[in-house]
Structures are given as C-alpha cells and as structure tokens.
Amino acid sequence: MKFSGFKVVKEALTGHKGWRPLWRNPDPKPAYDIVIVGGGGHGLATAFYLAKTFGALNVAVLEKGWIGSGNAGRNTTIIRSNYLLPGNQPFYEFSMKLWETLEQDTNFNSMVSQRGIINLIHTDGQRDAYRRRGNAMRLSGADARLLSRDELKKMVPFLNCDNARFPIKGGLMQPRAGTARHDGVVWGYARGADMRGVDIIQNCEVTGFRIEDGRVLGVETSKGFIGAKKVGVSVAGSSGRVMSMAGMRLPIESHALQAFVSEGLKPTIPGVITFGAGHFYVSQSDKGGLVFGGDIDGYNSYAQRGNLPVVEDVLEGGMALMPMIGRARLLRSWGGLVDMSMDGSPIIDKTDIDGLYFNGAWCYGGFKATPAAGYTFAHLLATDRPHETVTAFRFDRFNRGYVIDEKGVGAQPNLH
Amino acid sequence: MLIPHPLLGLRDSQEFTYFGDASLMWRPDPEAPEAEAAFCEYVFLRDNPAGVHRELWFHEQGDRSWLVVTRDTTTHEILGAELASDVKGAAQ
Amino acid sequence: MTRLSGGLIDRSRPLNFTFNGISYTGFEGDTLASALLANGVQLMGRSFKYHRPRGVFAAGSEEPNAMVELRTGARQEPNTRATVTELFEGLTARSQNHMGPLHRDFLAVNDLLSPFFAAGFYYKTFMWPKAFWEKLYEPAIRKAAGLGSLSMLPDPDDYDKGFLHCDLLVIGAGAAGLAAALAAGRAGAEVILADEDFALGGRLVMEGDLLDEALATGWVATVKAELESLPNVRIMTRTTVFGVYDHGIFGAVERVSDHLPTPGDKVRQTLWRITAKRTVLAAGATERHMPFADNDRPGVMLAGAMRAYANRWAASPVKRDDDAIAIFTNGDDGHRTALDLIAKGAKVLGVIDTRETAPKFGDYEVFAGATVTGTKGRLGLTSIEITRGGRSEWHSVGALGIAGGWNPNVHLASHHRGRPVWNERLLAFVPSPDGPKGLIPAGAAAGKGGTAEALEDGMAAAIKALAELEISAAEISLPKAENASAEQVAFWHVPGQKRAWVDFQNDVTVKDIALAHRENMTPVEHLKRWTTLGMATDQGKTSNVSALAVMAELTGKSIPETGTTMFRPPYTGVSLAVLGGGDSGPLFRPRRLTPTHHWAAAQGAEFVEVGPWMRAQYFPRKGEMQWRESVDREVLAVRAGVGLCDVTTLGKIDVQGPDAGEFLNRIYANMMGTLKVGKVRYGLMLREDGHAYDDGTCARMGEDHYVVTTTTANAGLVYRQMEFAHQCLWPDLDVQLISTTDAWAQIAVAGPKSRALLSRIVDDFDLSNEAFPFMSCAALTICNGLRARLFRISFSGELAYELAVPARYGHALMARLMEMGADLGVTPYGTEALAVLRIEKGHAAGAELNGQTTAQMLGLGKMVSVKKDSIGAVMSRREGLAADTRRLVGFRSADPQTQIMAGSHLFPEGAEQNMATDQGWITSACYSPHMKGYIALGLLEDGAARLGEVVVAANPLEGQAMKLEVVSAHFVDPEGGRLRD
Amino acid sequence: MIEPVTDLAPITALGGTVPRSEIFGALTLSENAGLALASLALRKDQEMPKPFGLPLPEVGKAVSMGGLAAFWTGRGQWMIEAAGRGETDFAAALKAEVPKACVSEQTDGWVAFDIASTQGAAPIEALMARLVNLDSTGFGPGCATRTGLEHMSVFVIRRSEDRLTVMGMRTFADALWHALAVTARRLDD
C-alpha cells in the first residue's frame, strides 16, 4: 500500500476501512541469512537498506519489546552534521543527505524538518574553535554559517545575549540541520523493511549467542533458537549487556540521559538552539512542546531514569539562555540509556567472532546517525567491508591510538 | 542520590564527582613486557555490568576522599561504600 | 448565577475577575473553574486538534479541558488549569487555542475535516513535493498546533529552592494522609505533609460524607490545628510532589504566591528537594469516564467533580438553575452525585446506570441497564440520548456527570519504572509492589478509597513506616466513618458509529484506537504515539485506562495483558522557571573575582568571562578608540619596559611530605624529583591515554614542600586527578595535597625593567641574575615585612617574575607596583595582551592544549621522560600518537596587515581543499605589535620540516583563503636570551 | 591589636577596607576578616598532635578553645582557626607547633561569613534549608562540614544553636554573600 495525500482523502471518505497493518507480526523462521538484534531506528534502518540497497532477502529484526522502545523512541529528535573531526564529519554529512530523501525512500512522512541548528558562542576561544569546526563542515560538503551577534539577535530575538553571566557573541549555524519525528523514523523504516520482506519480530529477547569455533551460528531468544549466517547487534544503550553474552568487553559505559518536553505552546522557537555556556539545547516539536535536554546524569546506569540535579542543571541553563520560557511547564521527562564510549564516537565494525557484527557506542547522538548507521552497517553486513564513511569507526582505533575525540577529554565517558 | 560515606554518613551525591569503574585503581605494571596492551585494556575496556558495579566517586565538595561505592546499575541501590585508600591499602 | 448553598467559600469576601474580557465575581475559596461554573459559564476552551468547544471536566489537576492563559504581560501563563487556579482579586484569564472568539473559533473547521485527520494521518501524506514540508505544510501545522502562548518576555518573578529532610513524608492530605500525618506527628517523628491543594482534606471536603456524624470539614479543621501545633510537623499546602528520585529524594514545588495578584516581595514558587526516610503515598484516586457518542460537550463532566463543585464550592454545573442534571454510571458511586446534588437543591433528571439491576438510593429516577448514546448542544449540553433495551429517547439536560470508576493515583509509585498491577475486584491498576523503596501507598492511592478504610490505611501505613525507623507510633482514635459502596461493573465505553472521545484534549476517539489496532499499532506505547493519546497536558490521567480497555476489547486480551503505561515525572506540569531555581541572567553561575578585580575596575578595565573567573581583558586609556590600540600598547610596554598582570587564576597546589618528589615524578611526564630547593621547573602532565593534559610550573619551596601551578581552566581537574593518584594509585606515598589558589594573589611582573621595579619593593633580597637566576623561587618579604613568594618564570619571553602575596594584599600590591614603577612606564595588561605575548613567544595555551594533542605535536616531546614511569607515559608511545606528524609552528602572512583567522584549515599551495587533503589548522592568531603584523600558531603536518614553505589557510566559512609562510613558533627571542638576562 | 607587618593596606574579601555586616530581620550577616586559617594534615603514622593544646576534633566536628578553633576537613586533616590573627603568619606559628605535619596557609583561601540569629535556631535552620543539603536536626552546635552551596564549595560550621559560619573560597566572596543575603532577606519578608 502506498501512502499519499490521495490515499488519505480516499480513506477519509470511505470510513478508513482500507488501512492495513503497517507491518506484519510474523513468527520467526528457523534461520535467516542475517539477523539484526535490536528493533530501534538503527536496527530497522539496517534491515531496510539491506533489503532495499543490498538485495538481502532473508533478514530478521529481533526486538525485545516493541519496535522503537529504546532510544529511538525517547530522544530529542535532532538531526545535524556539525562535527569537527575527519573521522566523524563525512559520516554525519552522509547521514544528513540520507535524511533529506528519507521520506521519498520510505514512503512515510517522518517529518524531517530542516529548520536549522545554532550553537552559541560566548568567548573568542569558542569562536575560533567553531570556526575550525565550521570550516571542517564546509570542507566535507556540509553547510555552515558563522553568525555575528547582530545576525543572531535578528534571528532569535528572545535569547538573553547581554544581561547574561556568559554573554552571547554569535553562533555557528547549520541551516540544513533540524529535527525529525523520532517515532516516524522508526515506523517508516519498519514499514519499508517489512514491505521488502524483512521479518520484524517483536517481544523477542535475545538471551545468548550460539558460537562455535569462533563463528556465530545464531541467537538464543525468548522465542527459541534462531539460526543466522550473520548477526548484527544494534542495541545502543544495552551494548555492554548484549555483547557480554558473546564474551566481549567494550570501550563503553552505559549512562542515563534525560530529556524533557514542555506542555504544548504556540510557535516559539524556530530551529534548534544549543547553549554554549551550560548544558541546554532546545527545539519545538510540531505539536508545540519544547523538546530539550542537557548533560547525561554522569554515573553508570541501566535504570532508564535519571535524577533531579540534572533536571535543575538543564533548566538553569534554559532560563539563563531564554528567560521567556519560565512560565511554560514541564510536561514530561524521561531517561534513556546510552552507550558512552571512550572517545565519544561510535563503532561500526566486525568483531573477533566470525559472523558477529557490532553497531553501537553512539553516546547521546545516535538518532541523527540513524540513516547512515543503518546504511553503513548494512554495507558492512552485506559486503564485509566498511563503507567509506565509517573506516574510522573501528574497534582497534583505541589501542592503536586513532581515537576520534571531538571534545578532547580522553577516556572518560561521562565527560564526552 | 545519597552516597553512604563511610566516615560522614549519607551525603548528597551532588557533593561528589563520578569517575568510573573501580578497576581504574589498579594501574598495570609499566615495566611488564606487554605493558602497552595492558594499559590499553586498563584505560579503554569496561565490564559495564547491568547489576552490581564497584565504582569510584570523589567527594570533591566534601572531605576530598575517593570512595569505592558498590551500586546496582539497574536500580541505583547502593550496597556499600569504602574509602579507596583503605581498599587499596588492604589489597597491598 | 448557579450558586448552591454551603461550601467552603467565604461569601464575605467577593473577588472580581475577568474571563475573556467579561467581568465576573467569585468568592475566596473558589477556583477559577468553580467561579466560572457558579457564574453559569460552561464553555471554557477548545480542544487541541478539532477545536471542539470544551467545558470543565474535572475538579483537580487532572483537568484536560479547562485550560486558560492566566494573567497578562510578562506574567502570562499558558495552559493553566482553571480547576486548580485559586481565585484572586483582579484575576484575568483567557481561553486559548482558538482563532476568533471562543464561541466562534474559525479553526473549528478542523472538526468538519476530522475524517481526514484520523490517527497518524500526517505520517502518510505531506511528502510531495519534498520542499513543501518546511515551507508550507509544517508552518501551517505548527501554527494550528500548540495550546497557549508565551508572552515571549522574560519571566519577571523570583524563584527559590531548598532542601528538607524528614522521617516521614506524607503525600496528600486527604483521609489517609491526615491520619498518617497525625499518627506520625503524635509519635514525635519529623513529618512533612504535602498537598497540591490550598486546603487540607482532599476528597473529605468534596464529599457529603460525615465523620463522627458531622461534616468532615470539622474533623479536618481539628486535625489541621493539632498538626500545626506540633513542632515536628510541617504542613505544606499548595505543594505538589512531582517526582520520586533515588534514595528517598522527592522533587516538590510549593506555589508560594500563585494565589496572589502578584508575588510582591515573595518568590513565586519554591523548588524543594525533600529527603525522606519513609513516605506514605496518599495521593488519592482519579475518576475515569466512559466514552460514548459526542461525549465531549461542555456540561459533560466527571460525576465526582460535580460532587466536588457542589459540596466544596457550592457551584452547580448547569448554566441555569432550572437545567436538569443527569448522571451516567456503571456503579454505585454515580448515585452519590445524584444524592448530593439533590441535597443541595439541584434538579436531577436521574441516574443512567449500565447495570440491569441498578440500585436506587433516593428520590430520583434510575434508568437501569441504560447508556448514554448521544448528546446535543453546540456550545453546551442541551440534551442527551438515553438508550435502554434498544429504545432511545432524548432528554433535556444542562449537565451530565459520568462515573466510570476510580483509578488510584499510582503515578509516584511508578516513577522508578515499577509497573502498576491490575486489580480485578477494583477494576483498576494499583501500585506496583516493587515501587520505590520506602514508599508505602495508602488509602485511595492503594485502592482503599472508602473513607473509613482510607483513614485506617493511612494510619497503619504511618505506623508501619515509622516502625521500620524504630520509631514507635501508637494508633490514634479515628473518627467514625463509613465506606460508601463501590459496587460497579466492568463497563468501559458505549459502542457506536459516532465519535466517542477517550482523550479530550488531544481529540483521540474510540475510532482512532480502532484504526491504530487495524494498522497493528497495538502495543500500548505504539497506540499512544500513533494516536497521541495520553500525551496531552493531563498526561492521560483521565484517558489511559479507558484506552487500554478499548484496545483490550479489540485485541481480545485482558487489560493487564494489553499493557500499562510508564509514569514519569512530573506528576503534573511544573514551571520551567522554578526548576531553573531562580538565580538567572548575570547570576546564572557565581563569579570568581581576582584579588585585583576592584583595582582593575577602578582603572576602567574591560572584563572577560574565563570559566568561572572574571579577568581584566585590557585596560583602555583615554583616546584609544578600539580594543586593539589598548592591547598593542600593553604588549609593547611589556616588551620594552614592565607590565603587570594578575595571574591568580592559575591553580596552585601545595604538595608536601617526604614522598612529594616521587609523587610529582609520577604525575609529571618530565623529571621533577631532581629539582633543587629554590628552583622552578616547567612541567607537563599527560592523561593516562598519553595525550597532553596540562602544563604549569613546579617550584620546590623547601625540602618537603613543592608548589605546583596549573592552567586556569584545569585547576580543579588537576587537583582532582592528583588526589586520585594519591588515594587510589599510590596511597603508600607519604604526601599531602591542598589547593591554595585563592590564598595567594599572584601578579606577573614582566618586561626588561621588571627587576628594577621589584627591587624597589623587596625587603633586603638580592634580585641579581647571579643570586636569583631564571627559574628560581624564594620565600621573602616585601613592603616592609609582608610575606611573599617570588618565582622567576616567564610566559611572555621577557625577563619576568611572578610575585605572590596573601590575597588580601593583592589590591594594594598592584597599586604599590604601579606607583613605584611610574617612571619605568609600568603598565597593567589584561588577558588579550597576555595572549599576544604568549603567541609571540610560541607558548602553547588552551587552543593548543585542547585535549586532542600530544607532547610531540606541541614540540614538547622531549619532556616525556623515558627514564621513569609517569601517568600517560606508556600510552603516549602508541602507534597512532607516535605517527602523528603535526607540529606546532608559526605562520606569517605575506601581507602582514591581513588578519589571520584562527580556525582556518591548512593546505598545500595549489592542492584541492577537502578533508582528505587537510594538513592542520590555525590554533591561535593575533596582531603582533612586536612583529608589526598578524601572526599565528598552528598545527601542521610535518610542520617542523616545512619552515619557509608557503601554505594556504582556508576559511571557506567566511569566504577567505590566504597564503602563509611557515615559520618558527618563537617570534620573539627564539634563543631565550631575554628571559635569562 | 597586632602590629601591622607591612605598609601595604589589606582589603577584605568583599573588597572593603572594613568588613561588611548587614542585618536581615533576625539574622545578622558579618564578614569575619580577622580570622586566620591554616590547614593541618598528618603525615603517615603521625600521632594526633594537640597544637596550642587544642584537641583536634573527630569526623564532622568542630572544637574551640579561647581564640583558637579547629574543624575536621578530611581523614587526618583539619582546618585550624585563630580569631583576630588574619594579618599574621599563623601557618608559620602552627608549623612551629607541629613541625612534622603538613601545614599550609589558608587565611586568604577562604572568606568567612558569620551568621547570628536573635531568635534562636529557627532562622539559622531556615537559612540552611534553602542553601545547603544538610539535615539541620543532625547538624547541631559543634558540627562542621564541607558541602556545595549555589555551585560553590563551602565549609559550614555550626558554632552554636544561633550562630553559623559559612566559609567559601575567597574569590567567590561576592557571590557567596549574595546567596546568603538574598536568602536571609527573603526569610525576613
């Protein structure tokens, strides 16, 4: 079934009788060519591109709960490619390009909205660092603008630029950045993958890997053993827990990241704004809620919830930056579970176990990577070679000394 | 959270700075033949358990002691806390 | 007016207010909702999606419909529930989310188009043409969406925050909560009793029930008086406990002055962080409705809310006194509303009871085995269709109460992700047994909603909680009470073809749930996200369980199999300002002022934020038109004469003990243990991963005493890291660390005339090059006896010293040096000149020591000693670090007057410019008055071998590219003769 | 009065020539510029000294004797206070008393604000409740601790039921005074 405005009108006039399930609820087959563990955005995107681009026909996605129940369903929906380092920037720009055609590729409106992101500048040193970053973006084909204070004030007049502890002196803007509807991304990929024959199996928890002679044969699950020639693990947040079942220790800690949404408001904030002197970033959803977040809680956690100090820290930043939000109310907060890696950058790589592949370590930034992570992980699973944009995302970069450390804080995950 | 400081009793976790797995106390022997590999493992790899975790907290806005806190990462329940220097001293 | 008799309003205190510009009068004790109802106003708002007319639906914080913009100007407060807004004199409120007047909203056209706006419709369309989304579709959607609006003005009010501690926190001051607080209070425990309402009593003051054969208000008043008399009990009304965090910490907001016209001298709200050893959750229950066709008209409300309005606020739900009221129920509870209304003299049509064997408790008609199957009334209910045994008839009514059963308020018990448990007898979810540790649900929140059982349960919960703390609490004598009959049947919604609303605010109907089911959006979280059910400002308090029941019916599963939803903080909306805590704007973070701050301010210095510090950036003089003139003057003064700069911000750590030298050997990459007393050495610290971390100096002041300095930015981090090394790595070393950053004012005295200047203030101290050469340190006295420390070190490359005195003398020392050096041309300089001086000298600073570089890259590779181990030494030898050929070099422009931009990327001349051909970047750049042109530092591949080569600095971001000559990073005195003279 | 040791004139942490003091209802807030401070840390295996005859307090406690006082700051570590001796080299005097121990001058490392109540403990405890996460019922006279206050690190010393000292890093003096004064003023409203 193809979605379109015409179809919506037709169904509206005929009592919505013609809508069909967006995806099936198949029972697992005994074996697949490729099994993806994790039905989040990344896992579903991987399956989608495996089927669509790499011609893989016999693929299953196994999801412990309901698809999109992890970080894909609880993030602040920002998409951007404003990275500095050569290991990162081309990958995120590739992802940005995939976002730009996502809806046509999946025939599903994921509400990709390129309303721009602005990272605020408060010191001369910050401006120099952002100039370096903006230039790196331009040099890898992305868009970037360095905004003067006056340009910024014209664009976002409600920012507290002057009566501030850390006055705002400008910003680095990526006009093509923006947001996408997180659930819509999950559902678009799921529906697209299902239409192409991928089995999406919900409520199917992987409880172990069957590994013999250094080669993976399949996975043990709550629905029994499922054989696989290749297994791709894409369970960010739970990477440590899942990969430990294959006997692997990872350069990752699991941390809690909270996010917040306010009650619905008439249009207030045009794009995404990131404070440069505190932990706060914000956008406004199409429904009107201010969607915002800040720093991770900072201690190892699998509890999927956070604590009050971070809530206060985030709102202190918010009020300092835009004191006009004060009389809006917090509607909901939630805690996600993120893989914080030792250099703040991701891993897409084979493991030492034949047939077992890993995609994870996305820290707090996995959502924007969804299309490219899916595409490049599919590329790796299908061809056994890393896609050209992920050649730096290898396990061995740590021991060899080629970390991709955007913040320059070293091997302390909670500082990234 | 409240951290049960072995000397000071329950203290607001806001007074503390979190560092990471308590294994970071056990720096490898720099003279050992495979020192570089051992250091790579020490610096980069973590057990990252979903469950009981021994971890380092620094009482930065307190008595400036480093603590080894035993905490369940799935519930945040704290099972105990010791002074890191005692832990190290006992092991040596 | 539709005021009834009685109620907890003070008729002697009338209050005037306006709603949508029309003036009304209410009384003290009213909420905005009760006052509007009493004035015969039913229409209070519009729904989110279809812009349907809506009236008040509930009597508490669960209200989905009656949302207003309260107050005006900068205090405008969107999405404010009229049901919990205390009336005050002069209150102004406006309805929201409509275009044109409330009764004629142009956007109500959405309702006519509703077939096109079925659940999830927007995921299926608006995709073509691609560019139209941001330009056309999305702006239109955004404009129509949202509810209230912000004023866009900064919030003018003050907020506060604080910490409270108690043995027992009682959340909710209804029957269970009051009994719990009283039992615990009498036992002497530290008790906090918090309730979101402004009055105590909860449902006790909303029902017509009797306690000890009198109205419950009497008992509530007695208990209140006793609790107030107990010094160990703190009563917090207008206080919402909104979140349960780890280890017994609760977030609560006290609305200190929201009930006043303006806060005056008070804060508006206070954020309390309450640490409770034990907690009784007595948060009550929320009534649910039963969806039926067109059930969303103003005048349709919860039956329990009708009782509350009648009993507590003496307000009738109808527009005119002679309008009849009907009740639609699936149990005995609905009948109570009929009885209370009749007792208040309201006209009751009767009770429509879904049960064939419906009871009858009084003088009213009972429609047994009947349902409501339709309504009429565009802006307010005028009639309902009652269907019984297949036969339908219309009845005129002005209001309809719905009693679908009560859901315990399990929210706070579920904030730790424990899932509530289905109770088939109560037909409701009750709190999870694995809820937050130390939290005991009681009363209606635990499914014990009868008055007598709630009182008992609250008391028992408190006694149990205190027993766990080894505080023995005795039973208290509870008032005589009854448990109203809670008989009911499982009846969830009235099937039908027309739209039946489940979630009022977000316009989610039974049909939408059916559509979600057809499209396989059956997991409850998918259902919510696909339909937006439960995502409105009431967070599904009135809709979630009904929706689960509908979905359960569709899937043929039981309700608990269908699912529960997670409850997350906050329980109700909390203003963003109070979470931000108050100190904002310039007070967002505390400022650190250097010891010479006031002196510099008096000189007219410009200041700049450097982390927490405020530092003098430059000292403009009369006639200087722009900052560069001042900076150039300051730099030249240092190079030619003598300058003064407050460098107190550098971290200072005292390291003492017999093992101090060995300890520092392990901390610094270079050798420190061999440093002689009276000497200073430049030191480099690495991170354990081998990257450069921090640099500074280490001075050996005595046999067992070293003073370490760090960069300003890393002062705290290095101190922490050193404590880690001391306590976690090498506790066997006999060494002690303490920060003395604030204790000493440290002033750099730099320039060829610095010795001459210092010689005028030291007491009998030989400053000659022989006696006190470069990299010496000493304790001495100055200015006739003041203890001081002198270090002969240089950041500028000139002959220079740093002089430290107790911080209280920093101000006077600076003034004295200025006075004594007047004839030497002494000049204060700020951070800008400091930066120029260090760039001219080629010293690495924050832009180079950015955590991504190595000692080798910074030209400091030789400092990493191979003779000893130190933090980071092993890892610094890894392949990738060793293979990095980028080196810190200097750059000069062919045209010295063209500004070089830091952050430009470096390319070979003629090369294509992309990330693959990128060879480095400009880290720092400035105008050098010494070189009379722009200069820069940067990291360049193979840089050390490329001196003299021309490279391109590309800055596509600002459309620039310029040719630069690669030169030594040391623009000034590369041999270092000056600082040794 | 102790003779000045120098011809330079000191200023207080708040930048004045005389210490600041202000009354907010029941609370008086005063800058104590005369207090001398020195940290004392024991060497390994060093016996507990009694500098100037002062018994060093246990964990979390403070003691005073005449013009001298001490509070616990960490295991084997104390801060020693000497009233009215801010202008002197008190660290040197302490070091002379306990030559083996590690002593560092801290007089100007900290600003001390004394808070006195005219209405007993309640105003002091109300002030504490708004600023520091310490249970005032367990923080009676003789208790001392370090904690956080409005993003600053402070020592809090309960001198008596109605007297409290808050010490903050000297360079944060203005910010700390602001935090204390605003809170005290609000309590008065």
Side-chain angles (χ1 to χ4, degrees), chain C residues 158 160-165 190 264-267 270 273 275 582-583 587 589-595 597-598 612-613 648-649 654 656-659 704-705 732-745 781-787 805-813 815-816, chain D residues 4-13 15-16 33 37 39 41-45 73 76-77 86-87 89 92 101-111 126 128-138 150-152 168-176 178-179 182-183 185-186 188-189:
Chain C
D158 288 330
D160 207 349
K161 53 188 185 251
F163 302 94
L164 295 173
H165 300 78
E190 295 288 329
D265 289 338
K266 289 187 164 67
V267 297
T270 298
R273 284 71 53 100
T275 302
D583 273 350
L587 300 169
R589 288 287 181 263
R591 301 189 314 169
R592 292 182 87 170
L593 306 183
T594 70
H597 183 90
H598 301 295
W613 295 94
T648 304
T649 61
D654 249 24
Q656 297 190 49
D659 294 330
D704 291 350
H705 184 195
D732 50 319
L733 294 182
D734 194 356
V735 62
Q736 292 286 356
L737 313 167
I738 193 157
S739 166
T740 63
T741 302
D742 287 50
W744 298 88
T781 66
I782 64 165
C783 300
N784 296 313
L786 179 64
R787 59 194 181 282
V805 295
R808 65 183 63 197
Y809 294 102
H811 178 107
L813 173 62
R816 177 66 56 85
Chain D
V5 293
T6 174
D7 54 24
L8 293 180
I11 59 170
T12 74
L37 295 171
S39 63
L42 298 187
R43 293 261 307 280
K44 273 200 179 306
D45 308 321
T73 55
Q77 299 173 25
E87 306 295 321
D89 189 355
C102 302
V103 172
S104 290
E105 173 164 348
Q106 291 286 341
T107 299
D108 285 353
W110 301 87
V111 59
M128 282 179 65
R130 282 185 169 69
L131 290 170
V132 289
N133 192 5
L134 299 171
D135 184 356
S136 55
T137 56
E150 303 274 18
H151 304 283
M152 292 174 277
M169 289 152 84
R170 182 181 176 99
T171 53
F172 278 122
D174 280 45
L176 181 57
H178 171 82
V182 165
T183 304
R185 187 174 300 128
R186 282 184 188 155
D188 187 32
D189 283 336

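In what follows, chains are A, B, ... by sequence order, proteins preceding strands, each numbered from 1.
Put simply, the side chain of C:Asp742 never gets that close to the backbone of D:Trp110: no donor and acceptor are under 3.5 Å apart.
Taking chain C as the reference chain and counting heavy-atom pairs below 4.5 Å, the highest number among D:Ser104, D:Ser136, D:Ala13 is found for D:Ser104. Heavy-atom pairs under 4.5 Å with chain D were tallied for C:Ala812, C:Cys783, C:Gly785; the largest tally goes to C:Cys783. The most heavy-atom pairs under 4.5 Å with chain C, out of D:Asp135, D:Leu131, D:Thr171, come from D:Thr171. The most heavy-atom pairs under 4.5 Å with chain D, out of C:Arg591, C:Gln656, C:His705, C:His811, come from C:Gln656. Here C:Asp265 is the residue among C:Asp265, C:Asp659, C:Asp704 with the most heavy-atom pairs under 4.5 Å with chain D. Of the residues considered (D:Gly86, D:Ala101, D:Gly138, D:Ala92), D:Gly86 shows the highest number of contacts with chain C, using heavy-atom pairs under 4.5 Å. Contacts with chain D were tallied for C:His165, C:Arg592, C:Arg808; C:Arg808 has the most, counting heavy-atom pairs under 4.5 Å. Annotation: maximal heavy-atom pairing with chain C below 4.5 Å, among D:Thr107, D:Val103, D:Thr183, occurs at D:Val103. Among the candidates C:Pro658, C:Pro595, C:Gly657, C:Gly264, the residue making the largest number of heavy-atom pairs closer than 4.5 Å to chain D is C:Pro658. Contact tally against chain D (heavy-atom pairs below 4.5 Å) for C:Glu190, C:His598, C:Arg787, C:His597: the top residue is C:Arg787.
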Side chain to side chain contact (heavy atoms under 4.5 Å, CB included) for D:Gln106 and C:Ile738? Distances and angles first, verdict last. CA-CA 10 Å; D:Gln106 291 286 341; C:Ile738 193 157; 3.5 Å; yes
Check against side chain to side chain contact (heavy atoms under 4.5 Å, CB included), C:Asp583 and D:His151: CA-CA 11 Å; C:Asp583 273 350; D:His151 304 283; over 6 Å; no
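At a 4.5 Å heavy-atom cutoff, the contact between C:Leu587 and chain D is made by side-chain atoms alone. Proximity to chain D (any heavy atom under 4.5 Å) is restricted, for C:Asp654, to the side chain, taken from C-beta onward. In this structure, no portion of D:Val111 lies under 4.5 Å from any heavy atom of chain C. For C:Ser739, the part lying near chain D is the backbone, with the side chain staying farther off; criterion is any non-hydrogen pair under 4.5 Å. Contact annotation for D:Ile11: both backbone and side-chain heavy atoms come within less than 4.5 Å of a heavy atom of chain C. Neither the backbone nor the side chain of D:Val182 comes within contact range of chain C; no heavy atoms are under 4.5 Å apart. Using a 4.5 Å cut-off between heavy atoms, D:Thr73 does not touch chain C at all. Neither the backbone nor the side chain of C:Val735 comes within contact range of chain D; no heavy atom of the residue lies under 4.5 Å from a heavy atom of that chain. With a threshold of 4.5 angstrom between heavy atoms, D:Asp174 approaches chain C through side-chain atoms but not through N, CA, C or O. Heavy atoms of D:Leu37 lying under 4.5 Å from chain C are absent altogether. Of the two parts of D:Leu176, neither the backbone nor the side chain holds a non-hydrogen atom closer than 4.5 Å to a non-hydrogen atom of chain C.
Closest non-hydrogen pair, C:Ile782 versus D:Thr6, comes out as O-OG1, 4.2 Å.
Separation of atoms CG (C:Leu164) and CZ (D:Arg130) is listed at 8.0 Å; rounding is to 0.5 Å. For the atom pair CZ of C:Arg589 and CD of D:Glu150, the computed distance is 10.0 Å after rounding to the nearest 0.5 Å. Here OG1 of C:Thr270 is found 8.0 Å from CZ of D:Arg186. Values are rounded to the nearest 0.5 Å.
Partners of D:Arg43 under the salt bridge (charged side-chain N to carboxylate O under 4.0 Å, His left out) rule, at least two apart in sequence or in another chain, are C:Asp734.
Salt-bridge annotation for C:Arg816 and D:Asp7: present, with a side-chain N of the basic residue lying under 4.0 Å from a carboxylate O of the acidic one.
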